[in-house]
Amino acid sequence: FICSFKRVTTEEEAKTFIQAVKKEHWKANHNCSAFVIGDKSEIQRSSDDGEPSGTAGIPMLEVLKKNELINVVAVVTRYFGGIKLGAGGLIRAYAGSVANALEEIGIVEVKEQEGLKLTLSYPQYQTFSNFLQAENLQEFDTEFLENVTTHIYLDPENVQEVSDRLVEFYQGKVSFEKSGSKIVEVAL
């Protein structure tokens with residue numbers, strides 16, 4: 001069982017991806033799929049691709065829905081190995097493939113956050129990863145010139161609190177400013 005994922009925003013994109021996986025794995029016995037599209041999960045489709053009805057696509061779709069995922073398509077490719085799994089085994093295998101892949105690649109939330117633009121000296125930047133790790137943050141758009149310029153994005157209600165901790169972390173010797181809002185991916 002091989003699970004492939006892709007972000008999509010339209011049903012056409014999802015179908016194109018499914019066809020691409022089928023083309024890549026043309027010798028496979030089955031390429032079962034499921035996708036959820038729309039901010040309110042308006043479009044939900046699944047396919048058993050020749051497996052017994054309800055044993056592949058629907059369990060895959062349920063994993064996507066349980067994880068509250070949107071705008072994503074999953075395709076699980078099965079090369080038959082000679083062992084019949086039965087309906088329960090197929091359900092567990094297909095749902096498990098999607099769940100395991102999600103665990104491996106991780107899930108992100110896409111949301112609007114407020115930015116802070118930091119200007120750090122190179123010695124300050126060497127310890128910046130400690131601050132990021134302690135605050136469970138990630139940096140974006142880092143530039144290495146005379147100084148290091150980087151951005152962090154926060155929920156609006158956390159900007160002041162994190163700013164205060166940033167000043168404390170660098171013992172008042174840090175330069176930063178608000179840089180506006182941006183749509184960013186936040187690892188869950």
Side-chain angles (χ1 to χ4, degrees), residues 1-113 129 132-142 151-155 157-158 181-188:
F1 292 86
I2 302 166
C3 186
S4 304
F5 270 99
K6 181 168 176 56
R7 289 184 192 180
V8 292
T9 55
T10 67
E11 189 167 358
E12 190 58 41
E13 282 181 86
K15 289 179 179 178
T16 299
F17 178 71
I18 293 166
Q19 291 300 48
V21 173
K22 284 184 175 189
K23 185 175 181 180
E24 179 183 350
H25 295 283
W26 61 275
K27 286 187 175 182
N29 297 76
H30 306 281
N31 286 288
C32 304
S33 60
F35 57 87
V36 179
I37 299 172
D39 290 338
K40 295 181 175 51
S41 304
E42 298 90 348
I43 302 171
Q44 299 180 18
R45 306 270 189 275
S46 65
S47 168
D48 294 321
D49 192 41
E51 290 284 24
S53 182
T55 60
I58 291 174
M60 293 168 59
L61 182 61
E62 289 303 316
V63 173
L64 298 178
K65 289 167 38 179
K66 178 182 153 216
N67 285 282
E68 299 177 358
L69 299 180
I70 59 169
N71 298 333
V72 66
V73 58
V75 180
V76 175
T77 302
R78 178 184 184 204
Y79 287 90
F80 183 66
I83 299 172
K84 294 196 181 262
L85 301 177
L90 288 172
I91 291 168
R92 285 188 297 279
Y94 280 102
S97 293
V98 173
N100 289 340
L102 284 175
E103 189 174 312
E104 184 70 26
I105 62 175
I107 298 174
V108 296
E109 180 181 3
V110 178
K111 63 183 181 177
E112 186 172 6
Q113 292 191 314
S129 62
L132 293 173
Q133 188 174 11
E135 297 295 327
N136 197 25
L137 297 170
Q138 61 189 73
E139 65 181 308
F140 296 86
D141 307 323
T142 305
H151 294 79
I152 57 175
Y153 292 91
L154 313 157
D155 291 331
E157 63 272 13
N158 296 335
S181 61
K182 181 177 179 176
I183 304 293
V184 295
E185 295 178 1
V186 180
L188 298 178

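Under the 3.5 Å distance criterion, the side-chain polar atoms of Asn158 are left unmatched by any main-chain donor or acceptor of Leu154. Formation of a donor-acceptor pair under 3.5 Å by the Glu13 side chain with backbone atoms of Thr10 is found in this model. At least one donor-acceptor pair closer than 3.5 Å links the side chain of Asn29 to the backbone N or O of Phe80. A donor-acceptor pair under 3.5 Å links the side-chain atoms of Asp48 to the main chain of Ala56, judged by distance alone. Of the possible donor and acceptor atoms, one in the side chain of Gln44 sits under 3.5 Å from a partner among the backbone N and O of Ser41.
For the residue pair Thr142 and Glu139, a side-chain donor N or O sits within less than 3.5 Å of a side-chain acceptor on the partner. In this model, a donor atom of one side chain and an acceptor atom of the other lie less than 3.5 Å apart for Tyr79 and His25. A donor atom on one side chain and an acceptor atom on the other are found under 3.5 Å apart for Asn31 and Thr77. A donor and an acceptor atom, one from each side chain of Glu51 and Tyr94, are located under 3.5 Å apart.
Counted within 6.0 Å of CD on Glu157, heavy atoms from surrounding residues, nucleotides or ligands total more than 12; the atom is thus considered enclosed. Within a 6.0 Å sphere centred on CD of Glu42, other residues, nucleotides and ligands contribute more than 12 heavy atoms. For NZ of Lys66, the number of neighbouring non-hydrogen atoms (other residues, nucleotides, ligands) closer than 6.0 Å is 12 at most. Within a 6.0 Å sphere centred on CD of Glu104, other residues, nucleotides and ligands contribute 12 heavy atoms or fewer.
Taking each heavy atom of Gly57 and Ala34 in turn, the nearest pair found is O-CB, 3.8 Å. Counting all heavy atoms, side chain and backbone alike, Gln138 lies closest to Ile152 at O-CG2, 3.8 Å. Closest non-hydrogen pair, Asn71 versus Thr9, comes out as OD1-CA, 4.4 Å. Gln113 approaches Asp155 most closely through the heavy-atom pair NE2-OD1, 3.0 Å. Among all heavy-atom pairs drawn from Tyr153 and Asp141, the shortest one is OH-OD2, 4.2 Å.
Annotation: side chain of Pro52 is in contact with side chain of Leu90 (closest heavy-atom distance under 4.5 Å). Counting only heavy atoms from C-beta outward, the side chains of Ile107 and Leu69 approach each other to under 4.5 Å. Looking at Phe5 and Ile105, their side chains come closer than 4.5 Å, going by heavy atoms from C-beta outward. At a threshold of 4.5 Å between non-hydrogen side-chain atoms, the residues Phe140 and Val184 count as touching. Contact check for Phe17 versus Ser4: side-chain heavy atoms found under the 4.5 Å cut-off. Looking only at side-chain heavy atoms (C-beta outward), Val76 and Val98 come within less than 4.5 Å of each other.
Salt-bridge formation is detected for the pair Arg45/Glu11: a Lys NZ or Arg NE/NH1/NH2 atom is positioned less than 4.0 Å from an Asp or Glu carboxylate oxygen. For the pair Glu12 and Lys15, the salt-bridge criterion is not met [side-chain N within less than 4.0 Å of a carboxylate O]. Classification of Asp49 and Arg78 as a salt-bridged pair fails, no side-chain N sitting under 4.0 Å from a carboxylate O.
One finds the CD atom of Glu109 at 9.5 Å from the CD atom of Glu68 (value rounded to the nearest 0.5 Å). The OG atom of Ser97 sits 12.5 Å away from atom CZ of Arg92, with the distance rounded to the nearest 0.5 Å. Note: Ser47 OG to Leu61 CG = 11.5 Å, rounded to the nearest 0.5 Å. Here the CD1 atom belonging to Ile37 is positioned 14.0 Å from the CZ atom belonging to Arg7, to the nearest 0.5 angstrom. Summarising the geometry, atom CE belonging to Met60 is positioned 13.0 Å from atom CD1 belonging to Ile91; distances are rounded to the nearest 0.5 Å. Put simply, CD1 on Ile18 and NZ on Lys6 are 12.0 Å apart, with the number rounded to the nearest 0.5 Å.
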Evaluate side chain to side chain contact (heavy atoms under 4.5 Å, CB included) for Ile183 paired with Val110, printing each intermediate quantity in order.
CA-CA 7 Å; Ile183 304 293; Val110 178; 3.4 Å; yes
